[in-house]
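Here the structure is laid out as structure tokens; the discussion comes afterwards.
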Amino acid sequence: MSRRIIDLSMPLENDVLSDPPGFGPKITYLNHETTFPRWPLFFPGLQKEDLPDGAAWAVEKIEISTHNGTHLDAPYHFHPTMDRGRRAITIDEVDLDWCFQPGVKLDFRRFSDGYVVTAQDVESELKRIGHTLRPLEIVLINTRAGSRYSHADYVSAACAWVTKPPCFCWKEG
């Protein structure tokens with residue numbers, strides 16, 4: 001079976017309403033001129049004239065939280081345990097093979113903002129699209145949020161999904 005990889009990336013940007021107040025990404029752009037004073041830490045004795053056109057590295061300094069941009073929530077994000085009491089794995093322990101599995105998209109754009117999706121809603125949507133979930137499939141949840149990205153109501157523009165026990169969930173833009 002051949003794989004088709006679909007890029008669901010969301011950009012990290014300053015001043016775009018994409019997260020609750022105080023939790024958005026912060027990007028500081030350092031240009032070729034402003035970074036030179038740091039170069040001697042890497043290359044003692046280096047002079048500006050030693051570089052082509054005297055240009056040092058340009059660098060983006062990024063401050064983010066676990067929910068900025070495109071992300072994967074580790075089981076630990078939802079609860080300290082998983083699999084009936086085992087310590088939940090953190091993001092650095094997620095097997096990357098989990099990220100390269102077949103996916104199925106559930107369309108929940110019809111639900112109002114704040115509505116909590118039920119197990120019956122999931123079963124109904126799977127029936128509507130004629131799909132039976134298989135182990136390791138990635139379930140993508142399409143909500144109204146995608147149409148509101150960068151608008152003031154983006155953070156609150158979606159239904160919610162709650163599962164017991166906790167699982168991975170993804171809000172598709």
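Just so we're clear, the structure is a prediction, and the values are computed from it rather than from any experiment.
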Result block: side-chain N/O donor-acceptor pairs under 3.5 angstrom for residues 10-22, not counting sequence neighbours:
from : atom 1 : to  : atom 2 : distance (Å)
N14  : OD1    : I27 : N      : 2.7
N14  : ND2    : I27 : O      : 2.6
S18  : OG     : V16 : O      : 3.4
D19  : OD1    : N68 : ND2    : 3.3
D19  : OD2    : N68 : ND2    : 3.0

Practice item. With rounding to the nearest 0.5 Å, note down the distance linking CD1 in I91 to NE2 in H77. Key: 10.0 Å
Review point. Aromatic rings F108 and F111: how do their planes relate, parallel, tilted or perpendicular, breaks at 30° and 60°?
Key: tilted
Exercise for review: State, with a plain yes or no, whether a side-chain heavy atom of M82 is found less than 4.5 Å away from one of I89.
Suggested key: yes
Point to revise | Expected output: side-chain Q101 to main-chain W98 donor-acceptor under 3.5 Å | key: no
Review point. Quick one: are V104 and L140 in side-chain contact, heavy atoms under 4.5 Å?
Key: no
Review point. Between H151 (side chain) and D153 (backbone), is there a donor-acceptor pair under 3.5 Å?
Key: no
Check your understanding: By the rule that ILVMFWY residues connect when side-chain heavy atoms come within less than 4.5 angstrom, directly or transitively, which residues belong alongside F100?
Key -> I5
Check your understanding: Is the closest basic N to carboxylate O distance between R110 and D121 below 4.0 Å?
Key -> no
Practice item. State yes or no: do F23 and V155 share one hydrophobic cluster built from I, L, V, M, F, W and Y residues joined by side-chain heavy-atom distances below 4.5 Å, directly or via other members? Key: no
Practice item. Can you run down the salt bridge (charged side-chain N to carboxylate O under 4.0 Å, His left out) pairs that involve residues 43-62, sequence neighbours left out, and say none if there aren't any? Key: E33-K48
Revision key, fill the gap. Between A145 and A158, the two heavy atoms sitting closest are CB-CB, 4.0 Å
All N/O donor-acceptor pairs, side-chain side in residues 35-47, below 3.5 Å, sequence neighbours left out:
from : atom 1 : to  : atom 2 : distance (Å)
T35  : OG1    : N31 : O      : 3.4
T35  : OG1    : W57 : O      : 2.4
Q47  : NE2    : G45 : O      : 3.4

Check your understanding: Members other than Y76 in its cluster, when Ile, Leu, Val, Met, Phe, Trp, Tyr link by side-chain heavy atoms under 4.5 Å?
Key -> none
Practice item. Supply the atom-to-atom distance R109 CZ to C159 SG, rounded to the nearest 0.5 angstrom. Key: 11.0 Å
Exercise for review: Measure the spacing between CD1 of I62 and CD1 of I64 and express it to the nearest 0.5 Å.
Suggested key: 7.0 Å
Check your understanding: Y115, V139: one ILVMFWY side-chain cluster at the under-4.5 Å cut-off?
Key -> yes
Exercise for review: Flag the pair L106 / I129 as yes when at least one side-chain heavy-atom distance between them is below 4.5 Å, and no otherwise.
Suggested key: yes
Point to revise | Beyond-backbone contact of P102 with I138, side-chain heavy atoms, under 4.5 angstrom | key: no
Check your understanding: Can you pull the side chain to side chain donor-acceptor pair (under 3.5 Å) pairs that have at least one residue in residues 123-140, sequence neighbours excluded?
Key -> Q120-S124, E125-R128, H131-E137, R134-E137
Study note, to complete from the structure: Here the pair of heavy atoms bringing A56 nearest to H32 is O-ND1, 2.7 Å
Practice item. Over all heavy atoms of both residues, which pair between A157 and T143 is shortest? Give the atoms and the distance, please. Key: O-OG1, 4.3 Å
